[in-house]
Amino acid sequence: MGRESIEEGKLSNPLLVKNIDSESQLYGYGGTGENSGAGNEQQSGTFSSSATTMVVLSSLVAVSGSYVFGSAVGYSSPARSGVMDDLGLTVAEYSVFGSILTIGAMIGAVVSGRIADYIGRRGAMAFSEIFCILGWLAIAFSKVAWWAELGRLLLGCGMGLLSYVVPIYIAEITQKNLRGGFTTVHQFMICCGVSLTYLIGAFLNWRALALIGTVPCVIQILGLFFIPESPRWLAKIGQEKKCEDALQNLRGKNADISQEKSEIRDYTETLKRLSEASILDLFQRRYAYSLIVGVGLMVLQQFGGVNGIAFYASTIFISAGFSDSIGTLAMVAVQIPMTGLGVILMDKSGRRPLLLVSSTGTCLGCLLVGLSFLLQNLQQWKQVTPILALVGVLVFTGSFSLGMGGIPWVIMSEIFPINMKGSAGSLVTLVSWLGSWIVSYAFNFLMDWNSAGTFFMFSCVSGVTILFVAKLVPETKGRTLEEIQTSMNRFSEKR
């Protein structure tokens, strides 16, 4: 089997056939890598169409890490005033504290694939939670700023690892017909982590909130003792007997796993025959379109302002003259159901329509918040401006949760050939976290410079996103990975 045929999307392997549906290509937020292709096996045999207790339990343990991810992102908003007062931080110093999380996440994301391949999926999750626990404890008991920043950095390292390994593990243990729904729960639990941290932070001080952050970490570590390792990882390292035992445990004692076991073995052998491409290999003409779409969506996602708003929501509400506790509670009420709606609509309405609706909503939301601050500066409609800011933030949050939060990661996992996924995943994840750091660090300075201008800029980025999606982003719903790759390559050749 030649490498050229793989890159052109013409893998003559039973794992990639015309019957593959789009669900098998969903790997969740940040979940890309060479093993992402594991979701593409053909269901030519009669596999169980319902989830077993062990699959459900294993997925719940895994997404405890997704909740940790979300709680780390959401922490800096309710903790802002307490941390600044108790540790005597300036706006610039708190910006370092808030944004250093993304520096750690970049470090964790870069090494995540290697660690997950070396010590396994369960081992990587446990390893990441140790970083998270140490980080939360360092923050909770910090007496000086640098200690709290070190804790935030450690927490970011754990978060970067979790952003890779959780969706990979879920994708590798679930049946084909359930994989799409199960992997998108990862994004849903991130949203729950952010929202509930806002909610709890409205009633507890920042030290207690950090201590509570250790609870889901401990839950996941304990839960890992009761769930099996990924059968695909076991097959990859040559542990055939353990692979069979893990697969039988996941599918049930009486389930016939011979077909799936055979496909896992075939897939593993295929991977061994392929040389993993380097990041430099991505910069070939044949991948130009895929690279523009994948990286472009991540840049627009981050520079639309999501992490500035998520990290410092309370600051926005206070600056707008609105109650920060009521504002964050309202965000919780909007964010969770809208994320759930996005999960439901993902494979029904398609990627492009959801992205267009989502980016239009984020554009409108930022425009409303910017208008609120502009009217406030002009001393106009003083009674209306706080409500306008709240409505704008809620429209932005709900719209982002509907599509722009998760769909760029789904599309990115679908548009690159199987042997390019690892390199593409590393590059796109790095771009995403770098953009996150820039926005989260600069946000407070931008707000001090010009609050209205900050949100008008975010609104303009969302406007560009609408055009970008309309002109360049392909619809991948209902198309096989093979068909997607072939169409992407043809487009690049025409260019």
Side-chain angles (χ1 to χ4, degrees), residues 67 69-85 89 91 94-95 97-99 101-102 152 190-206 209-210 213 301-339 361-362 364-373 376 385-402 404-405 436-437 439-448 451-452 454-455 457-459 462:
Y67 182 91
F69 185 139
S71 63
V73 171
Y75 178 78
S76 57
S77 176
R80 182 179 188 272
S81 59
V83 172
M84 290 183 69
D85 292 342
L89 302 184
V91 171
Y94 192 74
S95 293
F97 173 80
S99 63
L101 179 81
T102 57
R152 188 84 168 153
I190 292 173
C191 171
C192 289
V194 173
S195 300
L196 293 181
T197 300
Y198 286 164
L199 178 63
I200 298 169
F203 303 100
L204 297 179
N205 66 49
W206 64 280
L209 187 61
Q301 180 196 61
Q302 294 303 325
F303 284 92
V306 59
N307 279 308
I309 295 171
F311 280 33
Y312 307 113
S314 60
T315 304
I316 297 169
F317 291 127
I318 292 170
S319 299
F322 198 86
S323 167
D324 61 325
S325 58
I326 294 176
T328 51
L329 290 176
M331 286 180 69
V332 172
V334 168
Q335 197 169 31
I336 294 178
M338 289 301 287
T339 303
T362 57
L364 176 62
C366 287
L367 191 63
L368 291 175
V369 179
L371 184 61
S372 169
F373 282 116
Q376 192 178 86
T385 53
I387 301 297
L388 194 61
L390 173 66
V391 171
V393 171
L394 295 184
V395 169
F396 176 91
T397 302
S399 299
F400 185 86
S401 300
L402 182 66
M404 280 300 292
S436 176
W437 173 74
V439 172
S440 59
Y441 180 74
F443 184 79
N444 283 321
F445 299 106
L446 291 171
M447 288 289 285
D448 287 344
S451 299
T454 299
F455 282 92
M457 283 193 300
F458 290 156
S459 182
S462 293

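In this chain, residues are counted from 1 in sequence order.
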Would you give the length of the straight line joining atom CZ of Phe69 to atom SG of Cys192, rounded to the nearest 0.5 angstrom? 14.0 Å

Please report the interatomic distance OH(Tyr67) to CG(Leu196), rounded to the nearest 0.5 Å. 4.5 Å

For Gln335 versus Ser401, what's the shortest heavy-atom pair and its separation? CG-OG, 3.4 Å

Please find the pair of heavy atoms, one from Ser99 and one from Tyr312, that lie closest to each other, and give the distance. N-OH, 4.2 Å

Check Ser372 against Ala389 and note the closest heavy-atom contact, atom names and distance. OG-CB, 3.5 Å

Looking at side-chain heavy atoms only, is the closest gap between Met457 and Leu446 below 4.5 Å? yes

Compute whether any side-chain donor of one residue and acceptor of the other, for Ser436 and Asn307, lie under 3.5 angstrom apart. yes

For Gly370 and Ala452, work out which heavy atoms get closest and say how close. O-CB, 3.4 Å

Sequence neighbours excluded, which residues qualify as side-chain hydrogen bond (donor to acceptor under 3.5 Å, both in side chains) partners of Thr362? Ser462

Enter the distance from Met331:CE to Ile336:CD1 here, rounded to the nearest 0.5 Å. 11.5 Å

Flag side-chain contact, heavy atom, 4.5 Å: Gln301 against Phe400: yes

Test your reading of the model: is there a side-chain donor-acceptor pair from Tyr198 to the backbone of Ala330, 3.5 Å cut-off? no

Minimal non-hydrogen separation, Cys366 against Phe458, with atom names: SG-CB, 3.6 Å

Roughly how far, to the nearest 0.5 Å, is OG of Ser76 from OH of Tyr94? 5.0 Å

CG-OG1 distance between Asp448 and Thr315, expressed to the nearest 0.5 angstrom: 9.5 Å

Taking every heavy atom of Val332 against every heavy atom of Ser195, the minimum-distance pair comes out as CG2-O, 2.8 Å

Rounded to the nearest 0.5 Å, how far does CG of Leu89 lie from OG of Ser95? 10.0 Å

Answer whether the closest heavy-atom distance between the side chains of Val83 and Arg152 falls below 4.5 Å. no

Minimum side-chain heavy-atom gap Thr385-Phe322 below 4.5 Å: no

Val369 side chain near Phe396 side chain, heavy-atom distance below 4.5 Å: no

Would you find a donor on one side and an acceptor on the other, under 3.5 Å apart, between the side chain of Ser451 and the backbone of Met447? yes

Under the side-chain contact (heavy atoms from CB on, under 4.5 Å) rule, what do Thr102 and Gln302 come out as? Steps first, then yes or no, please. CA-CA 12 Å; Thr102 57; Gln302 294 303 325; over 6 Å; no

Side chain to side chain, Phe455 and Ile316, heavy atoms closer than 4.5 Å: yes

Check whether Ser77 reaches the backbone of Ala313 with its side chain - one donor and one acceptor, N or O, closer than 3.5 Å. yes

